[in-house]
Structures are given as C-alpha cells and as structure tokens.
Undergrad: 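Provided herewith is a single structure, encoded as structure tokens, for subsequent inquiry.
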Amino acid sequence: MRSHWWAWVFVALLLPAMQSQAITKSQKAFLERIKSISTIDDAYLSEQALVIWPSPDLQSTLDYASMSDMLCTEYKTYGYLVIWYMDSSKYRQDKEMEMLQSANCLELTE
C-alpha cells in the first residue's frame, strides 16, 4: 500500500493537465466554427476576451448586437467575458489595431 502513494500523486497532477487539454480542444473547435462563418475572417481567445476579425468587405454592415447576443450564450463554456470586434480593414491597410465594437457578455446575459 505504501509503495503506491506516488501513483496517487501522479494522478492528482495529471488529471488537471488532461482536463485543460480537453478545454483547449473544445475552444479550438469553437473558434473553427466561428471562423467558418462567412462574415468572419479570424477569431481567437485572448485572456477572457473573444476577439473577432470581421470580413473587411462586410464589417460596416454587420449586426454586431445580434452577433454578440448569439456568441454570448456560450461565454461560460469557452471562458470569455467580452467580445472585441476589430477593424480588419484598418489592420490590412495600416497595420494598426482598432476596435470597432465590443460587447460585455455579463451584461447581455443578465
């Protein structure tokens, strides 16, 4: 019995690492699903923000409120609190990052 204490320590250390890999895989699948939307060029998670780069040709006509309502339904699952919509046109033209819109998922889901 005494010789197996290291196995319990190993399991205790390995389990959180395995769980974080599962979360990472699920976040990757979520981001791939978002990127497959024709109005979105790119998306990534940064700390507690979901960063969206809309298609430059469509970013001026997007309904950000509706998109935020839809995306904020999953904020707890994928670990973001806010959504930042970045200006893809400005970045492509000037290599400057500028936010177009933002949404606070905590406010939208209350």
Undergrad: So, does Thr61 use its side chain to make a donor-acceptor pair with the main chain of Leu58 at under 3.5 Å?
TA: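 Looks like yes, one N/O pair under 3.5 Å.
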Undergrad: Between Val82 and Leu108, is there a shared hydrophobic cluster once you connect ILVMFWY residues whose side-chain heavy atoms come closer than 4.5 Å?
TA: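 Result: no, two separate clusters.
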Undergrad: May I ask you to check whether Trp53 and Tyr85 place their ring centers less than 6.0 Å from one another?
TA: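 Ring centroids of Trp53 and Tyr85 are no less than 6.0 Å from each other.
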Undergrad: Nearest 0.5 Å, what's the CG-OG distance between Leu31 and Ser26?
TA: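 One gets 9.5 Å once the value is rounded to the nearest 0.5 Å.
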Undergrad: Working to the nearest 0.5 Å, report the span between CD of Gln48 and OH of Tyr75.
TA: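 Gln48 atom CD to Tyr75 atom OH measures 11.0 Å (nearest 0.5 Å).
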Undergrad: Output the distance between atom OG (Ser88) and atom CD (Gln93), rounded to the nearest 0.5 Å.
TA: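 These two atoms lie 12.5 Å from each other.
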Undergrad: As an exercise, state the distance from CG of Asn104 to SG of Cys72, rounded to the nearest 0.5 Å.
TA: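 Here the rounded value is 7.5 Å.
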Undergrad: Hey, could you give me the CD1/CG distance between Ile52 and Asp41, rounded to the nearest 0.5 Å?
TA: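 One gets 11.0 Å once the value is rounded to the nearest 0.5 Å.
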Undergrad: Using side-chain heavy atoms (C-beta onward) and a distance below 4.5 Å, is Val51 in contact with Asp42?
TA: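 Val51 vs Asp42: side chains apart.
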Undergrad: For Phe30, is the NZ or CZ atom of Lys28 found under 6.0 angstrom from the centre of its six-membered ring and inside 45 degrees of the ring axis?
TA: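 No, Lys28 does not sit over the ring of Phe30.
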Undergrad: So do Ser102 and Tyr64 actually touch side chain to side chain, heavy atoms under 4.5 Å?
TA: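 Side-chain contact under 4.5 Å: no.
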Undergrad: Over all heavy atoms of both residues, which pair between Arg92 and Pro56 is shortest? Give the atoms and the distance, please.
TA: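 The answer is NH1-CG, 3.4 Å.
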Undergrad: Please tell me if the side chains of Leu81 and Cys105 come closer than 4.5 Å, counting only heavy atoms from C-beta onward.
TA: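 A side-chain contact is absent here, since even the closest heavy-atom pair is not under 4.5 Å.
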Undergrad: For Lys76, is the NZ atom crowded, meaning more than 12 foreign heavy atoms sit under 6.0 Å from it?
TA: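 Check fails, neighbour count at 12 or below.
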Undergrad: List the residues meeting side-chain contact (heavy atoms from CB on, under 4.5 Å) with Asp87, not counting sequence neighbours, and say none if there are none.
TA: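 In terms of side-chain contact (heavy atoms from CB on, under 4.5 Å), with neighbours along the sequence ignored, Asp87 is linked to Gln59, Ser89, Lys90, Glu98, Leu100.
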Undergrad: Do side-chain atoms of Ser55 reach the backbone of Ile40 as a donor and acceptor pair under 3.5 angstrom?
TA: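 It does not hold such a pair.
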Undergrad: The test is side-chain hydrogen bond (donor to acceptor under 3.5 Å, both in side chains); show your working for Ser46 and Tyr80 and say whether it passes.
TA: CA-CA 8 Å; Ser46 173; Tyr80 56 90; over 6 Å; no
Undergrad: Checking side chain to side chain contact (heavy atoms under 4.5 Å, CB included) for the pair Glu96/Tyr91: CA distance, chi angles, key distance, verdict?
TA: CA-CA 5 Å; Glu96 292 180 23; Tyr91 185 77; 6.0 Å; no
Undergrad: Rounded to the nearest 0.5 Å, what separates atom CG in Leu45 from atom CG in Leu50?
TA: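 These two atoms lie 5.5 Å from each other.
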